[in-house]
Amino acid sequence: MRYSQMLLPTLKENPSEAEVVSHRLLLRAGYIRKLTSGVYSYLPLGLATLRRVERIVREEMNRAGAQEVLLPVVQPADLWIESGRWVKYGPELLRFTDRHNRESCLGPTHEEVITDLVRMNVHSYRDLPLNLYQIQTKFRDEIRPRFGLMRGREFIMKDGYSFDEQEEGANLTYQKMYDAYHRIFSRCGLAFRAVEADTGTIGGSFSHEFMVLADTGEDTLAICRSGQAPTDGQTCGYAANMEKAAGRPPQMLASRPELLPLTKVETPGKRKVAAVTEFLGISAQELVKTMIFLADGKPVAVLLRGDHEAQDVKLKNLLGAVDVVLADDQQIFDATGVPSGYLGPVGLKIPVVADREIEVMTNFVIGGGEKNYHCRNANLERDFSVGKIGDIRQVTAEDHCPSCGGELEFTKGIEVGHIFKLGTSYSEALKATYLDSSGKEQFFVMGCYGIGVSRVVAAAIEQNHDQDGIIFPLPLAPFQVVILNLSPDDQGITGAAEELYSTLKNRGVDVLLDDRDERPGVKFKDADLIGIPFRVTVGKGFLRDATVEIRERRSGVVQTLHPEEALSWLLAQCEMMSVS
RNA sequence: CGGGGCGUAGCGCAGCCUGGUUAGCGCGCCUGCCUUGGGAGCAGGAGGUCGGAGGUUCGAAUCCUCUCGCCCCGACCA
């Protein structure tokens with residue numbers, strides 16, 4: 001491709017609307033343009049990168065035995081009513097009526113459609129397992145689209161769905177997809193990590209998220225420091241997102257201290273954990289705080305050790321609630337009759353749940369249940385009881401890996417893939433069944449597997465950039481090589497640039513020739529900005545001693561070579577990529 | 001939806017508080033000259049419903065009301 005003929009509008013300045021680096025660079029480098037909030041057009045460069053990701057995804061999905069289909073964007077309400085999600089999905093589902101007044105929606109995901117397709121066409125265990133996927137535009141009317149391609153309303157997703165007999169089959173398919181995802185993100189040239197994830201409202205037994213590691217990521221991951229396994233010296237490999245990550249369960253002390261009598265103490269004006277502990281001369285580990293949450297609107301008291309933080313999703317799961325929010329001061333008083341800051345579990349009339357750490361504590365401090373008072377030497381069971389106990393807190397750096405006891409470290413990541421074992425929830429809702437070998441009707445055991453294809457592009461940039469622009473990994477770059485003709489007026493230089501260009505092109509390399517009538521500085525800046533891995537400069541060095549320059553975008557390493565040498569070096573680099 | 005901010009030329013901004021001539025600046029764009037290894041220089045030029053509607057006023061980018069759009073922080077997600 002010739003730069004002079006390409007729609008590639010680069011920007012010198014940062015667009016004011018873009019805050020995060022991938023968004024900024026995608027706009028500046030002429031990859032995308034916004035049409036409206038959360039909806040973007042892909043320009044040639046953006047599309048080329050998208051296609052690279054898609055191609056890798058296709059190859060690996062096919063290799064793993066999945067078949068590609070293409071499902072409708074517009075879906076009838078009936079199906080969604082049948083699955084129950086017409087009501088459950090909420091305003092994120094963009095609904096409309098057609099001219100016949102039929103209710104419809106834009107597909108935010110395709111469990112309904114695929115399940116319908118399969119129930120109509122697959123009836124026998126002989127046709128199983130079946131694994132179908134598509135790469136397609138999704139629309140979710142997000143509450144708040146942001147960060148450019150990172151969270152658009154319209155985005156491109158690979159979604160796959162598997163249908164198996166029984167659990168074992170489904171587990172096998174899940175493992176295949178897990179492996180395929182590893183191959184996909186490795187081939188993309190990204191640093192990533194698979195983490196255990198919460199299964200969310202979909203339920204199901206397990207789920208993994210694939211996270212591209214980047215400091216700018218929105219999610220936090222807890223990862224076991226490798227090589228810390230105490231016994232066998234193997235890398236442990238434990239990794240989970242914060243919604244799921246757990247520490248080791250607390251250990252009951254071998255000799256439990258004597259239980260001291262509960263005593264009320266005056267703590268005037270001391271409401272915060274820090275103030276109370278300082279006033280009483282204790283550590284936060286010796287205090288149990290009582291927080292009030294509204295679970296689906298109903299107040300619940302939640303007990304946590306003073307230095308711990310609640311984890312909403314874990315709490316949600318323990319309570320079986322759809323939604324939990326922290327109550328405000330007024331709601332706290334309404335629910336308990338006690339002003340916030342002095343709340344304790346004794347004598348509460350609302351349900352009480354506790355973090356499992358509370359179980360091993362003795363003689364701790366709690367709120368006194370009235371203004372300006374706390375109690376010392378409180379003890380679970382003796383002084384109060386709780387409804388449910390479980391892990392409902394955020395893990396901290398002090399926690400240890402639940403599988404090997406090693407240290408946990410925290411990293412930021414961007415979720416680019418998510419795989420779920422769905423079980424039979426959709427097949428039951430939509431009555432999708434097959435006959436097993438004994439002629440008995442069975443529900444399909446399903447799994448679903450998503451990859452945010454357009455988000456991968458954004459995540460790749462978040463992970464790979466510098467002050468000058470994008471640094472795409474070779475497998476994702478829209479062009480592998482950019483040739484700068486620094487003197488389009490000079491016949492010798494132009495001849496050499498053109499020859500390199502056509503030879504590379506004929507050899508299957510995706511190459512961009514900057515043949516514009518621009519000053520060298522402009523070409524250098526643009527080449528850096530758009531992030532092409534290899535830059536070949538044909539300029540005065542060619543006139544001097546018939547050499548060209550190859551510069552690697554990432555390392556900045558420059559080699560001065562004769563064109564034939566440059567050619568074979570570049571071919572070798574690009575060859576290596578297509579083999580992987 | 002709650003909280004914060006912004007809409008003035010393709011992009012980035014000033015002007016608004018304290019109304020008053022043809023509404024400015026930088027970048028980009030067009031023409032010419034010149035220049036050619038890290039976003040050059042000079043000269044000339046095109047490009048604006050000041051987001052929209054209503055109001056106040058002799059007069060509104062500027063003041064008031066309503067409205068639309070966009071961005072950022074929270075709950076959702078690939």
Side-chain angles (χ1 to χ4, degrees), chain A residues 9-20 23 27-28 30 33-39 53 57 89-93 108-110 135-160 181 197-198 200-202 209-212 218-219 241 243 312-313 316 322-326 328 414-420 448-459 468-469 484-490 493 516-529 535 537-544 548-549 551 556 558 560:
Chain A
T10 57
L11 266 26
K12 271 192 187 175
E13 286 169 296
N14 284 324
S16 61
E17 68 184 47
E19 207 79 359
V20 300
H23 190 192
L27 288 168
R28 277 195 58 200
R33 284 294 182 264
K34 183 178 69 180
L35 180 59
T36 182
S37 179
V39 179
V53 180
V57 169
Y89 214 92
E92 220 174 82
L93 183 63
T109 174
H110 285 72
I135 296 176
Q136 202 230 33
T137 297
K138 297 275 189 283
F139 192 92
R140 294 183 189 170
D141 201 356
E142 289 278 342
I143 300 164
R144 183 153 96 86
R146 56 180 143 177
F147 305 152
L149 291 192
M150 207 82 110
R151 178 175 312 193
R153 293 193 295 165
E154 185 173 298
F155 59 99
I156 300 185
M157 181 174 169
K158 185 285 295 181
D159 49 327
Y181 273 42
D198 182 68
T201 41
I202 300 178
E209 287 174 351
F210 287 76
M211 315 288 291
V212 167
E218 286 185 89
D219 298 309
N241 71 18
E243 299 176 353
D312 289 8
V313 173
K316 238 186 251 189
V322 176
D323 180 57
V324 298
V325 284
L326 201 55
D328 63 30
I414 300 163
E415 185 188 354
V416 290
H418 201 160
I419 59 179
F420 285 96
C448 79
Y449 318 95
I451 291 179
V453 174
S454 42
R455 185 183 278 182
V456 167
V457 175
D468 295 317
L484 305 190
N485 176 352
L486 290 193
S487 300
D489 291 336
D490 185 284
I493 289 173
R516 294 175 299 168
D517 182 20
E518 289 285 357
R519 295 166 58 83
V522 174
K523 300 189 180 188
F524 289 134
K525 287 291 185 187
D526 277 335
D528 285 347
L529 180 61
R535 182 184 84 191
T537 308
V538 188
K540 65 186 181 198
F542 184 76
L543 298 180
R544 193 176 54 232
V548 300
E549 222 177 71
R551 182 173 181 270
V558 172
T560 305

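The figures that follow rest on heavy atoms only: side chains count, while hydrogens, waters and symmetry mates do not. Quick note on labels: first sequence line is chain A, next is B, and so on, each numbered from 1.
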Pairwise [atom1] distance for [N] and [M], with rounding to whole Å:
N      : M      : atom1 : result
U21(B) : C42(B) : P     : 30 Å
U57(B) : G20(B) : C1'   : 12 Å
G5(B)  : G24(B) : C1'   : 24 Å
C29(B) : A9(B)  : C1'   : 11 Å
C27(B) : C64(B) : C1'   : 36 Å
G10(B) : G48(B) : P     : 8 Å

Please pick, from C13(B), A78(B), C70(B), the nucleotide with the shortest atom-to-atom distance to any side-chain atom of His418(A). A78(B)
Any idea which of C72(B), C77(B), G12(B) is nearest the Pro15(A) side chain? G12(B)
Reckon Gly160(A) touches a base, only the sugar-phosphate, or nothing at all at heavy-atom distances under 4.0 Å? nothing
Look at all strands and tell whether Lys138(A) reaches a base, only sugar-phosphate, or nothing, counting heavy atoms closer than 4.0 Å. nothing
Which residues pass the side-chain hydrogen bond (donor to acceptor under 3.5 Å, both in side chains) test with Arg516(A), sequence neighbours left out? Asp514(A), Asp526(A)
Rounded to whole Å, please give me the gap between [atom1] in [X] and [atom2] in [N].
X         : N      : atom1 : atom2 : result
Ile135(A) : A78(B) : CD1   : P     : 17 Å
Glu218(A) : C72(B) : CD    : P     : 11 Å
Lys34(A)  : C6(B)  : NZ    : P     : 17 Å
Met157(A) : A78(B) : CE    : C1'   : 5 Å
Asp219(A) : A78(B) : CG    : C1'   : 11 Å
Phe147(A) : G74(B) : CZ    : C1'   : 12 Å
His23(A)  : C11(B) : NE2   : C1'   : 14 Å
Arg144(A) : G74(B) : CZ    : P     : 7 Å

Specify the closest pair of heavy atoms between Met150(A) and Ala458(A), including all atoms of both residues, with the distance to one decimal. SD-CB, 3.8 Å
Considering non-hydrogen atoms only, spot the tightest contact between Ile493(A) and Val538(A) and give its length. CG2-O, 3.4 Å
Less than 4.0 angstrom between a side-chain N/O of [X] and OP1 or OP2 of [N], yes or no?
X         : N      : result
Arg146(A) : G74(B) : yes
Thr109(A) : A78(B) : no
Thr36(A)  : C70(B) : yes

Give none if [N] has no partner; otherwise give the nucleotide forming a Watson-Crick or G-U wobble pair with it, both distances under 3.5 Å.
N      : answer
C16(B) : none
G7(B)  : C68(B)
G74(B) : C1(B)
G32(B) : C42(B)
C63(B) : G55(B)

Which comes earlier along RNA chain B counting from the 5' end, the contact point of Ser37(A) or that of Arg455(A), where each point is its nearest nucleotide? Ser37(A)
Going 5' to 3' along nucleotides 31-40 of chain B, which nucleotides have protein heavy atoms under 4.0 Å from the base (write B), which only from the sugar-phosphate (write S), and which from neither (write -)? ----BBBBBB
Are Tyr89(A) and Thr109(A) packed together at the side-chain level, in the sense that at least one heavy-atom pair is separated by less than 4.5 angstrom? yes
Quick one: list whatever passes ring-ring contact (aromatic ring centres under 6.0 Å, His included) with His110(A), sequence neighbours left out. none
Excluding sequence neighbours, so at least two apart, what forms ring-ring contact (aromatic ring centres under 6.0 Å, His included) with Tyr449(A)? none
Looking at residues at least two apart in the chain, or sitting in another chain, which of them share a side chain to side chain contact (heavy atoms under 4.5 Å, CB included) with Glu243(A)? Asp198(A), Asn241(A), Gln311(A), Val313(A)
Residues that Pro520(A) engages under side chain to side chain contact (heavy atoms under 4.5 Å, CB included), provided they are two or more places apart: Leu486(A), Phe524(A)
Return yes if the base of G26(B) and the side-chain atoms of Glu13(A) contain a donor-acceptor N/O pair under 3.5 Å, otherwise no. yes
Could a donor-acceptor pair under 3.5 angstrom be found where the side chain of Arg151(A) meets the base of C76(B)? yes
Check whether any side-chain N or O of Arg33(A) sits under 3.5 Å from a backbone N or O of Leu27(A) as a donor-acceptor pair, and report yes or no. yes
